K.L.:
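Below is one structure. I have some questions about it.
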Amino acid sequence: MVKFILLSYGRSGTGFIMSTIKSIFDSKSKNHYEKELFGSNETVMEFNRKNVIKMVDDYFDKRIKKYPDSYIYGFKWKPYYLDENYNKLFPVLKKDNIRIIVSKRNPLHIFISRQKHLNNNIQSHYRKCDIKNIQKVRSIRTYLPIDELIYFIKEYLNTMEIYTDILNKFNISNINVDYEELSDKNINSWSKIVHFLNNPQNQQENDEETELIKSLKYNLDNPKYIKTTTMKDWEIIINYDEVLESLKKNNLSKYIQERK
């Protein structure tokens with residue numbers, strides 16, 4: 001039995017990542033584990049969660065009771081807040097051997113996605129078969145408020161560094177993956193996740209992992225959710241030149257694609 005958490009900001013492809021993990025391990029796990037336990041966008045709701053340790057224990061206990069034959073159990077955690085309440089959780093993650101997948105995405109692209117969803121009446125996710133709406137969403141261009149963008153990028157980088165440092169401080173089993181590589185069907189990046197969650201101990205389990213990789217390749221070609229943003233940065237950002245100049249001034253230009 002494996003317990004894991006996907007730690008990643010909202011608009012970072014967590015739905016796609018979780019659904020793909022579920023599809024890969026489906027033969028070993030009937031548990032649907034795309035639930036978001038922490039990281040509600042409702043600040044009041046988040047601050048009302050006083051006993052996160054009990055929340056984690058109760059979540060896994062209920063899942064194990066409901067799906068006793070499952071191999072893997074997990075949930076999503078969007079790291080928007082970190083206080084004394086949450087700090088108490090990390091030693092428990094270590095004690096219970098809960099594995100953490102830290103998924104990072106280009107913060108500029110997270111911000112673009114946020115702006116698109118903030119200013120347009122569109123869904124959070126789209127399936128491969130939803131061709132008409134996908135084409136519409138992919139064609140949306142957006143204006144980026146500069147001050148908010150710079151603040152968000154710096155906050156994102158700082159937050160992800162803090163969480164990664166805490167995981168390493170408590171020696172909690174974790175891996176870092178890159179959403180861009182995962183969404184581009186990078187087999188090595190996905191295989192890293194499969195190995196991390198499968199953790200084979202003998203030849204039989206190694207053979208099982210080979211089968212999981214085959215399942216991985218199939219599911220990457222048949223994803224439940226697909227990208228809603230495919231344009232180049234200069235095509236999607238209305239005030240591209242202004243954004244580029246500001247990112248350069250703040251030593252953040254590596255996050256934006258420059259015109260060739």
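Side chains included, hydrogens not; waters and symmetry mates left out as well; all remaining heavy atoms used. Remember, it's a predicted structure, so these values are computed and weren't measured experimentally. Note that the numbering runs from 1 along the sequence shown for the chain.
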K.L.:
Does one hydrophobic cluster hold both Y218 and I21, with members joined at side-chain heavy-atom distances below 4.5 Å?
P.N.:
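Per the 4.5 Å side-chain linkage, Y218 and I21 are not co-clustered.
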K.L.:
Can you spot which of N168, I101, L7 makes a side chain to side chain contact (heavy atoms under 4.5 Å, CB included) with N174?
P.N.:
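Going through N168, I101, L7 one by one, the side chain to side chain contact (heavy atoms under 4.5 Å, CB included) with N174 is satisfied by N168 alone.
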K.L.:
Grab the two heavy atoms, one from E180 and one from S183, that are nearest each other, plus how far apart they are.
P.N.:
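Distance-wise, the nearest heavy atoms are O-OG, 3.1 Å.
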K.L.:
Do S139 side-chain atoms and K136 backbone N/O form a donor-acceptor pair below 3.5 Å?
P.N.:
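Pair found, side chain donor or acceptor close to backbone of K136.
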K.L.:
Checking side-chain polar atoms at under 3.5 Å, does K224 have a donor or acceptor matched by the opposite partner on S23?
P.N.:
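Absent: no donor and acceptor within the cut-off.
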K.L.:
Using a 4.5 Å cut-off on heavy atoms from C-beta on, say whether the side chain of K3 contacts that of R63.
P.N.:
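Not in contact.
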K.L.:
If you take all heavy atoms of Y67 and Y73, which pair is closest and at what distance?
P.N.:
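Answer, listing the atom of Y67 first, then Y73: O-OH, 2.5 Å.
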K.L.:
So I237 and L244, do their side chains get closer than 4.5 Å, heavy atoms only?
P.N.:
no
K.L.:
Looking at I256, is its backbone amide N or carbonyl O close enough to the side chain of D233 to form a donor-acceptor pair, meaning the two atoms are under 3.5 Å apart?
P.N.:
no
K.L.:
Do you know the tightest heavy-atom contact between G74 and Y59?
P.N.:
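The pair with the smallest heavy-atom distance is O-OH, 2.6 Å.
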K.L.:
Using atom types as modelled and distance alone, determine if a side-chain donor or acceptor of D83 lies under 3.5 Å from a backbone N or O of N85.
P.N.:
yes
K.L.:
Out of curiosity, F16 CZ to Y179 OH, how far, rounded to the nearest 0.5 Å?
P.N.:
6.5 Å
K.L.:
Please name the pair of heavy atoms, one in S253 and one in K248, separated by the smallest distance, quoted to 0.1 Å.
P.N.:
CB-CG, 3.7 Å
K.L.:
Answer whether the closest heavy-atom distance between the side chains of K76 and S8 falls below 4.5 Å.
P.N.:
no
K.L.:
Within the structure provided, determine whether L82 and T159 are in side-chain contact (heavy-atom separation under 4.5 Å).
P.N.:
no
K.L.:
Angle class for the F170/F90 ring planes (parallel below 30°, perpendicular above 60°, tilted otherwise)?
P.N.:
parallel
K.L.:
Could you go through the side chain to side chain contact (heavy atoms under 4.5 Å, CB included) check for I150 and K154 one step at a time?
P.N.:
CA-CA 6 Å; I150 300 302; K154 291 180 178 180; 3.8 Å; yes
K.L.:
Stepwise, does the salt bridge (Lys or Arg N to Asp or Glu O under 4.0 Å) test hold for D58 with K65?
P.N.:
CA-CA 10 Å; D58 288 349; K65 185 176 292 185; over 6 Å; no
K.L.:
Just list the side-chain donor-acceptor pairs under 3.5 Å for residues 185-194, sequence neighbours left out, or say none.
P.N.:
{"from": "N186", "atom 1": "OD1", "to": "N188", "atom 2": "N", "distance (Å)": "3.0"}
{"from": "N186", "atom 1": "OD1", "to": "S189", "atom 2": "N", "distance (Å)": "2.9"}
{"from": "N186", "atom 1": "OD1", "to": "S189", "atom 2": "OG", "distance (Å)": "3.4"}
{"from": "S189", "atom 1": "OG", "to": "E181", "atom 2": "OE1", "distance (Å)": "2.5"}
{"from": "W190", "atom 1": "NE1", "to": "L182", "atom 2": "O", "distance (Å)": "2.9"}
{"from": "S191", "atom 1": "OG", "to": "I187", "atom 2": "O", "distance (Å)": "2.7"}
{"from": "K192", "atom 1": "NZ", "to": "N176", "atom 2": "O", "distance (Å)": "2.8"}

K.L.:
Verify, without hydrogens or angle tests, whether Y143 (side chain) and Q115 (backbone) share a donor-acceptor contact under 3.5 angstrom.
P.N.:
no
K.L.:
Rounded to the nearest 0.5 Å, what separation is found between the CD1 atom of I172 and the CG atom of L89?
P.N.:
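With rounding to 0.5 Å, CD1 (I172) is 8.0 Å from CG (L89).
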K.L.:
Indicate the atoms forming the closest heavy-atom contact of F196 with R99, along with that distance.
P.N.:
O-NH1, 2.7 Å
K.L.:
More than 12 heavy atoms of other residues, nucleotides or ligands under 6.0 Å from CG of D147: is that the case?
P.N.:
no
K.L.:
So which atom in I17 and which in S103 form the shortest heavy-atom distance, rounded to 0.1 Å?
P.N.:
CD1-OG, 3.3 Å
K.L.:
When clusters are formed by joining ILVMFWY residues with side-chain heavy atoms under 4.5 Å apart, either directly or through shared neighbours, do V137 and I238 land in the same one?
P.N.:
no
K.L.:
Take V56 and V92, measure what side chain to side chain contact (heavy atoms under 4.5 Å, CB included) needs, and give me the verdict at the end.
P.N.:
CA-CA 9 Å; V56 171; V92 176; 5.8 Å; no
K.L.:
Apply side chain to side chain contact (heavy atoms under 4.5 Å, CB included) to the pair F25 and L197, showing each step before the final yes or no.
P.N.:
CA-CA 10 Å; F25 285 92; L197 295 177; 3.7 Å; yes
K.L.:
Taking the side chain as every heavy atom from C-beta outward, state whether I153 and L157 have any atom pair closer than 4.5 Å.
P.N.:
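Result yes, sub-4.5 Å side-chain heavy-atom pair found.
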K.L.:
Provide the full list of ring-ring contact (aromatic ring centres under 6.0 Å, His included) pairs with a residue in residues 91-113, sequence neighbours left out, each pair given once.
P.N.:
F111-F152
K.L.:
Could you check whether K54 pairs with D61 (Lys NZ or Arg NE/NH1/NH2 to Asp/Glu carboxylate O, under 4.0 Å)?
P.N.:
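Not counted as a salt bridge, because no side-chain N and carboxylate O are separated by less than 4.0 Å.
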K.L.:
Would you say I5 and F75 make side-chain contact, with heavy atoms under 4.5 Å?
P.N.:
yes
K.L.:
Quick one: does any side-chain atom of Y80 pair with a main-chain N or O of G10 as donor and acceptor, under 3.5 Å?
P.N.:
yes
K.L.:
Got a salt bridge between R259 and D241, using NZ or NE/NH1/NH2 to carboxylate O under 4.0 Å?
P.N.:
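Result for this pair is yes, salt bridge flagged.
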K.L.:
When rounded to the nearest 0.5 angstrom, what distance separates CZ in F4 from CZ in F60?
P.N.:
8.0 Å
K.L.:
Does Y151 belong to the same Ile/Leu/Val/Met/Phe/Trp/Tyr cluster as I146, with side-chain heavy atoms less than 4.5 Å apart forming each link?
P.N.:
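No.
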K.L.:
Hey, is the main chain of E242 close enough, under 3.5 Å, to the side chain of S246 for a donor-acceptor pair?
P.N.:
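Here the side-chain-to-backbone pair does not exist.
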K.L.:
Is a side-chain N or O of R141 found less than 3.5 angstrom from the main chain of E235, in a donor-acceptor match?
P.N.:
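Pair found, side chain donor or acceptor close to backbone of E235.
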K.L.:
Could you check L252 against L108 for side chain to side chain contact (heavy atoms under 4.5 Å, CB included), going step by step and ending with a plain yes or no?
P.N.:
CA-CA 10 Å; L252 298 170; L108 172 64; over 6 Å; no
K.L.:
Hydrophobic cluster membership, with links at side-chain heavy-atom distances under 4.5 Å among I/L/V/M/F/W/Y: are M231 and L149 in one?
P.N.:
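Result: yes, single cluster for both.
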K.L.:
With rounding to the nearest 0.5 angstrom, report the OG1 to CD distance, T230 to Q135.
P.N.:
10.0 Å
K.L.:
Hey, could you give me the CD1/OG1 distance between I110 and T229, rounded to the nearest 0.5 Å?
P.N.:
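Between atom CD1 of I110 and atom OG1 of T229 there are 12.0 Å.
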K.L.:
Determine whether a donor-acceptor pair (N or O, by modelled atom type, separation under 3.5 Å) exists between the side chain of E36 and the backbone of K78.
P.N.:
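No; zero donor-acceptor contacts below 3.5 Å.
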K.L.:
With a 4.5 Å heavy-atom cut-off, do I140 and N119 have their side chains touching?
P.N.:
no
K.L.:
Heavy atoms, side chains only, cut-off 4.5 Å: are D221 and N219 in contact?
P.N.:
no
K.L.:
Tell me whether K116 contacts the main-chain N or O of T228 through its side chain, where contact means a donor paired with an acceptor under 3.5 Å.
P.N.:
yes
K.L.:
Test your reading of the model: is there a side-chain donor-acceptor pair from R105 to the backbone of R11, 3.5 Å cut-off?
P.N.:
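Side chain of R105 to backbone of R11, a donor-acceptor pair under 3.5 Å: yes, one is there.
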K.L.:
Could you give the distance from NZ (K88) to CG (N51), rounded to the nearest 0.5 Å?
P.N.:
8.5 Å
